[in-house]
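First comes the structure, then the notes that go with it.
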Amino acid sequence: MPARRIDLHTHSTASDGTSTPAELVRAARAAGLDVLGLTDHDTTAGWAEASSSLPAGLSLVRGAEISCVRQGVSLHLLAYLFDPAEPVFAARRRELRDSRVGRAEQMVRRLAADGVPVSWPQVRQLADGTVGRPHVAQALVAAGVVGSVSQAFTAEWVGTHGRYWVPKLELDVLDAVGLVLGAGGVPVFAHPAAATRGRTVGDEAIMAMAAAGLAGLEVDHADHDEAARRHLRGLAAELGLLTTGSSDFHGSNKTLALGAHLTTGPAYDEIAGRASGVPVVTG
Ligand code: AMP
Ligand code: ZN
Ligand code: FE
Ligand code: FE
């Protein structure tokens with residue numbers, strides 16, 4: 001049997017991707033994937049459409065990417081196969097999403113006050129689900145002040161701590177690990193060493209997360225260079241964590257293709273085996 005092609009971290013229009021969940025699962029199969037993880041920011045809103053549109057031969061790992069913080073450093077926690085109805089975690093996800101609305105509105109207000117032709121109704125309309133900086137960035141592209149979404153992620157615009165950046169609510173990552181486990185899910189630290197996006201946490205934070213029940217580290221990710229991957233792989237081996245690889249596909253908001261990085265069959269089987277929230281959906 002040829003190796004399965006497994007990509008466990010992607011975004012749809014339920015957050016800041018540009019493909020609808022139905023388009024995403026079809027594109028995943030067309031890209032030759034056998035397993036796709038749908039991990040929109042702080043939401044499960046894309047799960048139903050992705051499940052009901054699943055092409056034959058594709059398995060869907062329902063997940064989310066949770067906005068977290070540890071000692072002042074923002075970070076992302078992937079949550080796989082948790083029960084979306086578990087009330088404690090569901091309430092926290094709602095708070096995260098609600099906070100993003102006021103925050104995006106504030107960024108737009110500040111931009112408009114400085115004469116940049118963007119408006120809140122426009123940004124609200126660009127976001128089908130969880131609103132985020134990529135939607136504000138799209139409005140900046142439309143306004144002609146930057147040439148691409150990526151170019152808006154700078155100190156001059158909405159890059160972290162940038163001129164028009166406003167912080168959002170984030171969960172303490174140790175609490176978040178507990179919330180995911182409490183909902184029967186499997187927590188994996190997303191792009192732990194993605195230094196291009198801002199500060200990253202050190203090994204002691206990963207050790208604390210491991211002690212709290214973290215299952216794995218996302219090692220193969222576009223934002224990690226070879227040295228970072230080697231280091232993370234060593235740390236994962238030391239701490240008994242599994243490792244994953246993913247594209248973090250966002251459609252045309254980013255340049256990476258589906259399947260750009262992959263997770264091994266055994267790591268995926270372990271994630272599926274550990275979960276007790278919801279099953280993998282098979283198409
Ligand atoms: P937010 O969660 O609203 O703070 O926005 C963060 C989102 O912006 C994440 O999904 C990132 O994938 C995306 N993002 C961060 N940096 C960039 C960049 N340079 N180009 C495009 N998207 C980015
Ligand atoms: Zn995103
Ligand atoms: Fe992320
Ligand atoms: Fe992501």
Side-chain angles (χ1 to χ4, degrees), residues 7-21 24 28 36-47 50 61-70 73-80 93 96-97 99-100 103-104 107 123 126-139 141 148-150 152-153 158-160 165 167-171 173 176-177 180 187-201 205-206 209 214 216-224 228 232 244-263:
D7 184 344
L8 289 183
H9 179 171
T10 66
H11 297 265
S12 76
T13 51
S15 64
D16 55 10
T18 57
S19 311
T20 64
L24 180 65
L36 179 78
L38 174 64
T39 52
D40 280 305
H41 297 285
D42 306 322
T43 188
T44 62
W47 285 16
V61 175
R62 290 171 284 178
E65 186 176 17
I66 307 302
S67 304
C68 296
V69 64
R70 173 77 180 158
V73 178
S74 295
L75 45 92
H76 294 171
L77 186 71
L78 293 162
Y80 293 117
R93 290 195 304 280
L96 292 172
R97 292 194 303 273
S99 128
R100 284 168 161 281
R103 170 260 200 166
M107 286 191 280
V123 171
L126 286 165
D128 252 352
T130 306
V131 65
R133 281 182 286 169
H135 303 109
V136 178
Q138 283 171 11
V141 173
S148 69
V149 166
S150 285
F153 281 84
V158 295
T160 305
W165 171 78
K168 61 179 191 280
L169 179 67
E170 299 171 321
L171 303 182
V173 76
V177 166
V180 175
V188 172
F189 188 1
H191 46 73
T196 51
R197 301 160 179 239
R199 288 198 296 146
T200 57
V201 293
I206 295 178
M209 289 164 73
L214 184 74
L217 301 179
E218 186 180 58
V219 171
D220 290 307
H221 185 283
D223 293 353
H224 292 164
L232 289 170
T244 66
S246 314
S247 65
D248 201 355
F249 179 74
H250 279 72
S252 58
N253 274 343
K254 281 194 181 177
T255 49
L256 274 149
L258 280 163
H261 299 284
L262 298 170
T263 294

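Position 1 is the first residue of the sequence; numbering continues from there. Below, all heavy atoms of this structure are taken into account, side chains as well, without hydrogens, waters or symmetry copies. Each ligand, and each atom within it, is numbered from 1 in the order the structure gives.
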Would you mind naming the N, O or S atom of [X] nearest to the Fe ion (ligand 4)?
| X | result |
| --- | --- |
| Asp248 | OD1 |
| Glu65 | OE1 |
| His11 | NE2 |
| His9 | NE2 |

is_close_aromatic(His41, His11), centroid dist under 6.0 Å: yes
How about [X] and [Y]: does a side-chain donor come under 3.5 Å of a side-chain acceptor?
| X | Y | answer |
| --- | --- | --- |
| His76 | Glu65 | yes |
| Asp42 | Thr130 | no |
| His9 | Asp248 | yes |

pair Lys168-Ser99: side-chain heavy atoms closer than 4.5 Å: yes
Arg133 vs Arg100 side-chain heavy atoms within contact, under 4.5 Å: no
Backbone or side-chain N/O/S of Asp16 under 2.8 Å of the Zn ion (ligand 2): yes
Residue His250, metal the Zn ion (ligand 2), N/O/S under 2.8 Å: yes
The Fe ion (ligand 3) reached by His76 (N, O or S, under 2.8 Å): yes
